[in-house]
Amino acid sequence: MSQDLETQEPIYQRIYATVCQIPSGRVATYGQVARITGGCTARMVGYALAALKEGMDVPWQRVINFKGKISPHGLGYGSALQRQLLIDEGILFDEKERIDLEKFSYFFD
DNA sequence: CGGCTGACTCTGG
DNA sequence: TCCAGAGCCAGCC
């Protein structure tokens, strides 16, 4: 019913809205965001975030891959920033720079 | 309208 | 645990 209104907007816009639902101190995988957003796949989420602009208030740093690690995009400088932002929010990394999805994933399967 | 690109996920070895 | 390949689809030129 009200779903029709959301369907009119670009898929990227809906993905951003889902990411904004993730509270501080929690993370989510691309697959979870894709499934919750609906009508899109994990890749769409990643590509949507890649198209993000500085003027958007989207906590893109809280989105990671299903392995619990940060995807090495661009030259890699963004990954270091993302890791630092997550630590600043209280997310803990293990020695392999991986996050415990069982503890920090906001959406659970 | 056709082709290229890309922050993913899963299976097998 | 790490590496490689295949499947997948919305934007943009």
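Remember, predicted model here, so these are calculated numbers, not experimental data. Numbers restart at 1 for each chain; the letters A, B, ... are given by sequence-line order, proteins then strands.
- For the pair A:Val19/A:Pro59, a side-chain contact is recorded, criterion being any heavy-atom separation below 4.5 Å from C-beta on.
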One character per nucleotide, please: for nucleotides 8-13 of chain C, 5' to 3', B when the base has a protein heavy atom closer than 4.0 Å, S when only the sugar-phosphate does, - otherwise.
BBSS--

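- As rounded to whole Å, 11 Å separates atom C1' of C:dC2 from atom CZ of A:Arg98.
- Using a 4.0 Å cut-off between charged nitrogen and carboxylate oxygen, A:Glu89 and A:Arg26 do not count as a salt-bridge pair.
- One can place CD1 of A:Ile64 at 17 Å from P of B:dA7, the figure rounded to the nearest angstrom.
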Pairs of donor and acceptor atoms involving the side chains of residues 30-41 of chain A, under 3.5 Å and at least two apart or interchain, shall be tabulated with distances.
{"residue": "A:Arg35", "atom": "NH2", "partner": "A:Asp109", "partner atom": "OD1", "Å": "2.7"}
{"residue": "A:Thr37", "atom": "OG1", "partner": "A:Thr18", "partner atom": "OG1", "Å": "2.8"}
{"residue": "A:Thr37", "atom": "OG1", "partner": "A:Val33", "partner atom": "O", "Å": "2.7"}

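- Separating the NZ atom of A:Lys69 from the C1' atom of B:dC8 is a distance of 15 Å, rounded to the nearest angstrom.
- The interatomic distance linking A:Ile99 (CD1) with B:dA7 (C1') rounds to 13 Å, in whole Å.
- Note on A:Phe104: it does not cluster hydrophobically with A:Phe66, by side-chain heavy-atom contacts below 4.5 Å among ILVMFWY residues.
- Atom CH2 of A:Trp60 and atom C1' of B:dA7 are 9 Å apart (whole Å).
- A 6.0 Å sphere centred on CZ of A:Phe93 holds more than 12 heavy atoms belonging to other residues, nucleotides or ligands.
- Linking Ile, Leu, Val, Met, Phe, Trp and Tyr residues whenever their side-chain heavy atoms come within less than 4.5 Å leaves A:Ile87 and A:Leu85 in two separate clusters.
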Encoded 5' to 3' (Watson-Crick or G-U under 3.5 Å; [ ] crossing; | other strand), DNA chain C becomes .||||||.|||||

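- Taking the side chain of A:Ala50 as heavy atoms from C-beta on, and the options B:dT9, B:dA7, C:dT1, the nearest nucleotide is B:dA7.
- For A:Phe66 and B:dT11, the CZ to C1' distance is 10 Å, given to the nearest whole Å.
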Between A:Val63 and A:Ile22, is the side-chain contact (heavy atoms from CB on, under 4.5 Å) condition met? List the steps.
CA-CA 9 Å; A:Val63 185; A:Ile22 306 172; 4.2 Å; yes

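- When the P atom of B:dA7 is taken as reference, atom NZ of A:Lys67 falls 14 Å away, rounded to whole Å.
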After noting the C-alpha distance and the side-chain angles of A:Lys69 and A:Ile64, does the key distance pass the side-chain contact (heavy atoms from CB on, under 4.5 Å) rule?
CA-CA 6 Å; A:Lys69 292 190 66 174; A:Ile64 58 178; over 6 Å; no

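- Taking each heavy atom of A:Ser79 and A:Pro72 in turn, the nearest pair found is OG-CA, 3.6 Å.
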